Asker: 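Below is the structure I would like to discuss, written out as structure tokens.
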Amino acid sequence: MASENKRLIVYQVMTRLFGNDAKQMCRFGSIEQNGCGKMADFTQRALEQIRSLGCTHVWFTGIIEHATQTDYSSYGIAKDHPAVVKGRAGSPYAIKDYYDVDPDLARQVPLRMKEFENLVRRTHRAGLKVVIDFVPNHVARQYHSDACPEGVIDLGATDNVQQAYSADNDFYYIPDQQFSPQFPLTDAQGNMYVEYPAKATGNDCFTATPTVNDWYETVKLNYGTEENGTWHKMLDILLFWASKGIDAFRCDMAEMVPCQFWSWVIPQVKAQYPHLIFIAEVYNPGLYRKFIHEGHFDYLYDKVGLYDTLRSVVCGNSASSITACWQQVDDIHDHMLNFLENHDEQRLASDFFAGNAEKGKPALLVSALMRSNPFMIYFGQELGERGMDEEGFSGRDGRTTIFDYWAIDTVRRWHNEGKCDGSLLTEQEKLLRSYYQRVLNLCNDEKALREGEFFDIMYANYDNAMMNTHRQFAFLRKADKELVLVVANFDEQGCQTSIRVPRHAFDYLHIPVSLRSVKATDLLTQTRCSVVLHPEHTVDVTLPPLGGIVLKMNL
């Protein structure tokens, strides 16, 4: 788990978008037209500002070289056929060379690995840890490593392509059939992409004719049913990146790779790098405990649980549904990674989600403060980024593109040509970032929120006429003699409310029962008040619209 007794607060950032200060963008623009952020844009100043937000880790998304329509052949990097590349920049999840850094991200392409190593050192100097992607399930259709260490056998180099499946093959094949997806396979000059025999596509599409909705730009890797050559190649790749000084891997679509592989590989990596953290993208709740207890993952995405539940509450469903949600993973809660945005999901402020970044504030209080497990934000979330651009391959869908060369307006204005001072932000954007900063820093500054016990008090308030349990959610956190009451208000109206604290909470958390007043401070506003902590009395509070209180009491 996390070292230094700190909660993980992860800042995910699309590396090529972060430092791009271009003001004029054109749809489907090239790197020359639209520009591209670089690893060097993560200066000491930028990284220190990310840390001041309350973050402990930075997930640099898109570090490893992936397929692209940009021509780097003058640097010894083979060109990719554009028909099997999504977007001008390409998907960071269509890995082209597991042993190389994406050339888009380097100021000097021949020194791209050195620039990455410098980024790791800068990040550590700023007091942050480094997360990068490991994409184990699939690779780009034209995968070829030109940067692998001497003696490494390339993926697929020794495959028997006449066999659909062989334990000795790295890929799956469709023998005697040409790759023929249900869309054109030619470039602008009419040159056709040819793949014979066809390889199976990354999203478990075992035909030669994937659709445009399949992961047609990728090829599925073969892990078989037991230890094989692919396992050993992946172990070598993990150890290669671990040797660069990184601190964590976020493992893409981990559930599409057999759990036996993770059971085998993670202990071997940790034997050499015990500090390394493994985060799994797993969406099937039926696999959660297997991937934790057998697969040895430290953390899993809590997407289909808390994320989906909070999204529905933000959009008008009852806040009381949160209780049943956390109960589903209560036994493994400390392994769940909470978030409200990431590169796969629609932006909170987009027209496809809440339409207003302010509506995410009560969800932030719940997701970040309810437990002691990790929390992740996506760059620009703290600024109210709406994700409503129509960048190119990524249409106007409420997401920030991972396929195109682009600049994100809110992030560009915060970055302010490297000043990272936010002076170009609107007042509303500045206030939102300040709110995120207060909440995220509380996660580690306050012991009760960092490692304290959790107690959901909603059950004691369902028949409480003074509390709107449809739009409000309340819980307690406690460590030593510090008690924190968190009440999130999902309603657009502020209100006075009275919260019942049940006797069982007093017993379970060892709260002294007394009729005397206890001094309390709202950690969000520093407003002070006095409350009576007694099972027969209510805690009377004033809730702001679309927000809440974090009331700390010293017992």
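Because only heavy atoms are used, hydrogens play no part in the values below, and waters and symmetry mates are left out as well, while side chains stay in. Every value quoted in this text rests on a predicted model; they were computed, and no experiment measured them.
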Asker: Just list the side-chain donor-acceptor pairs under 3.5 Å for residues 46-53, sequence neighbours left out, or say none.
Answerer:
unit_1: Arg51; atom_1: NE; unit_2: Ala126; atom_2: O; d: 3.4
unit_1: Arg51; atom_1: NH1; unit_2: Ala126; atom_2: O; d: 2.8
unit_1: Ser52; atom_1: OG; unit_2: Gln49; atom_2: O; d: 2.7

Asker: Are the side chains of His415 and Asn20 in touch, meaning some heavy atoms are under 4.5 Å apart?
Answerer: no

Asker: Decide if atom CD of Gln178 counts as having more than 12 heavy atoms of other residues, nucleotides or ligands within a radius under 6.0 Å.
Answerer: yes

Asker: Report yes or no: does Arg112 contribute a side-chain atom to a donor-acceptor pair with the main-chain N or O of Ala106 at less than 3.5 Å?
Answerer: no

Asker: With rounding to the nearest 0.5 angstrom, report the CG to CG distance, Asp170 to Leu221.
Answerer: 7.0 Å

Asker: Apply side-chain hydrogen bond (donor to acceptor under 3.5 Å, both in side chains) to Asp146 and list each qualifying residue two or more places apart in sequence or on a separate chain.
Answerer: none

Asker: Contact between Glu281 and Lys303 at the side-chain level, heavy atoms closer than 4.5 Å - yes or no?
Answerer: no

Asker: Do the side chain of Thr56 and the main chain of Ile9 share a donor and acceptor less than 3.5 angstrom apart?
Answerer: yes

Asker: Regarding His124 and Asp247, do their side chains bring together a donor and an acceptor under 3.5 Å, going by distance alone?
Answerer: yes

Asker: I'd like to know if Asp159 and Lys199 make a salt bridge, using a cut-off of under 4.0 Å between side-chain N and carboxylate O.
Answerer: no

Asker: How about Asp154 and His144: do any of their side-chain heavy atoms sit closer than 4.5 Å?
Answerer: yes

Asker: Is a side-chain donor-acceptor pair under 3.5 Å present for Thr201 with Arg141?
Answerer: yes

Asker: Rounded to the nearest 0.5 Å, how far apart are CE of Met253 and CG of Asp344?
Answerer: 8.5 Å

Asker: Under the side-chain hydrogen bond (donor to acceptor under 3.5 Å, both in side chains) test, which residues partner Gln12, sequence neighbours left out?
Answerer: Thr61, His343

Asker: Starting at SG of Cys36, measure out to CH2 of Trp406 and round the result to the nearest 0.5 Å.
Answerer: 14.0 Å

Asker: Any donor and acceptor pair, going by atom type alone, linking the side chain of Asn34 with main-chain N or O of Met25 inside 3.5 Å?
Answerer: no

Asker: Above 12 or not: heavy atoms from other molecules or residues under 6.0 Å from NZ of Lys430?
Answerer: yes

Asker: For Leu111, look at atom CG and say whether over 12 heavy atoms of other residues, nucleotides or ligands are found less than 6.0 Å away.
Answerer: yes

Asker: Between the side chains of Tyr11 and Glu382, is a donor N or O closer than 3.5 angstrom to an acceptor N or O?
Answerer: yes

Asker: Where do His138 and Asp252 come nearest, in terms of heavy atoms and distance?
Answerer: CE1-OD2, 3.5 Å

Asker: Run the side chain to side chain contact (heavy atoms under 4.5 Å, CB included) check on Leu155 and Tyr98 step by step: do they pass?
Answerer: CA-CA 10 Å; Leu155 286 167; Tyr98 275 120; 3.6 Å; yes

Asker: Are the charged groups of Arg250 and Asp133 less than 4.0 angstrom apart, N to O?
Answerer: yes

Asker: Mind running side chain to side chain contact (heavy atoms under 4.5 Å, CB included) on Leu432 and Leu383 for me, showing each step along the way?
Answerer: CA-CA 6 Å; Leu432 184 65; Leu383 307 174; 5.8 Å; no

Asker: Compare every heavy atom of Thr218 with every heavy atom of Ala94, then report the nearest pair and how far apart it is.
Answerer: CB-CG2, 4.1 Å

Asker: Salt bridge between Lys38 and Glu115, side-chain N to carboxylate O under 4.0 Å?
Answerer: no

Asker: If we only count heavy atoms from C-beta on, is the Tyr378 to Met14 side-chain gap below 4.5 Å?
Answerer: yes

Asker: Set out, in order, the CA-CA distance, both residues' side-chain angles and the distance that settles side chain to side chain contact (heavy atoms under 4.5 Å, CB included) for Leu337 and Tyr307, then state yes or no.
Answerer: CA-CA 10 Å; Leu337 177 91; Tyr307 169 83; over 6 Å; no

Asker: For the residue pair Trp262 and Cys251, establish whether any side-chain heavy-atom pair is separated by less than 4.5 Å.
Answerer: yes

Asker: Taking all non-hydrogen atoms of both residues into account, name the closest pair between Arg121 and Asn118 and its distance.
Answerer: NH2-OD1, 2.6 Å

Asker: Say whether, by atom type as modelled, one donor and one acceptor occur between the side chain of Glu255 and the main chain of Asn284 under 3.5 angstrom.
Answerer: yes

Asker: Please check if atom CD in Gln428 has more than 12 non-hydrogen atoms from other residues, nucleotides or ligands closer than 6.0 Å.
Answerer: no

Asker: Would you say the side-chain atoms of Arg347 and Thr400 include a donor-acceptor pair closer than 3.5 Å?
Answerer: yes

Asker: Which heavy atom in Ser312 sits nearest to a heavy atom in Thr309, and how many Å separate them?
Answerer: OG-O, 2.6 Å

Asker: With side chains defined as the heavy atoms from C-beta onward, is the minimum distance between Ile174 and Thr207 less than 4.5 Å?
Answerer: no

Asker: Atom SG of Cys55 and atom CD1 of Ile377: how far apart are they, to the nearest 0.5 Å?
Answerer: 5.0 Å

Asker: What I want to check is whether the side chains of Thr211 and Asn213 have a donor and an acceptor closer together than 3.5 Å.
Answerer: no

Asker: Please report the C-alpha distance between Arg386 and Thr410 in whole Å, then the side-chain angles of each, then the deciding distance to 0.1 Å, and finally whether the side-chain hydrogen bond (donor to acceptor under 3.5 Å, both in side chains) criterion is met.
Answerer: CA-CA 9 Å; Arg386 302 189 66 236; Thr410 51; over 6 Å; no

Asker: Evaluate the side-chain proximity of Arg399 to Phe352: yes if any heavy-atom separation is below 4.5 Å, no if none is.
Answerer: no

Asker: Hydrogens and angles aside, do Tyr405 and Asp104 bring a side-chain donor and acceptor to less than 3.5 Å of each other?
Answerer: yes

Asker: For Val84 versus Gln142, what's the shortest heavy-atom pair and its separation?
Answerer: CG2-OE1, 4.1 Å

Asker: Search all heavy atoms of Ala22 against all heavy atoms of Ala407 and return the closest pair with its distance.
Answerer: O-CB, 3.4 Å

Asker: If you round to the nearest 0.5 Å, how far is CG of Asp397 from CD of Glu390?
Answerer: 9.5 Å

Asker: Please table the atom pairs, donor to acceptor, closer than 3.5 Å between any side-chain atom in residues 361-375 and protein atoms at least two apart or in another chain.
Answerer:
unit_1: Lys361; atom_1: NZ; unit_2: Glu358; atom_2: OE1; d: 3.0
unit_1: Arg371; atom_1: NH2; unit_2: Asp330; atom_2: OD1; d: 2.3
unit_1: Ser372; atom_1: OG; unit_2: Arg450; atom_2: O; d: 3.0
unit_1: Ser372; atom_1: OG; unit_2: Arg477; atom_2: NH2; d: 2.7
unit_1: Asn373; atom_1: ND2; unit_2: Met336; atom_2: O; d: 2.5
unit_1: Asn373; atom_1: ND2; unit_2: Asn338; atom_2: OD1; d: 3.2

Asker: State the CD-CZ distance between Glu217 and Phe403, to the nearest 0.5 angstrom.
Answerer: 7.0 Å

Asker: Ignoring hydrogens and angles, tell me if any N or O in the side chain of Tyr216 forms a donor-acceptor pair with the backbone of Ala83 under 3.5 Å.
Answerer: no

Asker: Name all pairs fulfilling the ring-ring contact (aromatic ring centres under 6.0 Å, His included) condition that reach into residues 232-254, sequence neighbours left out, sorted by first residue then second.
Answerer: Tyr99-Phe240, Phe116-Trp241, His232-Trp264, Phe249-Phe278

Asker: Under the side chain to side chain contact (heavy atoms under 4.5 Å, CB included) rule, what do Lys96 and Ile77 come out as? Steps first, then yes or no, please.
Answerer: CA-CA 10 Å; Lys96 178 180 176 177; Ile77 300 171; 3.5 Å; yes

Asker: So Tyr75 and Tyr72, would you call those rings parallel, tilted or perpendicular, with 30° and 60° as cut-offs?
Answerer: tilted

Asker: Residues in side-chain hydrogen bond (donor to acceptor under 3.5 Å, both in side chains) with Tyr223, at least two apart?
Answerer: none

Asker: Which word best sums up how the rings of Phe18 and Phe42 line up, parallel for under 30°, tilted for 30 to 60°, or perpendicular for over 60°?
Answerer: parallel

Asker: Side chains of Leu348 and Lys359: closer than 4.5 Å at any heavy-atom pair?
Answerer: no

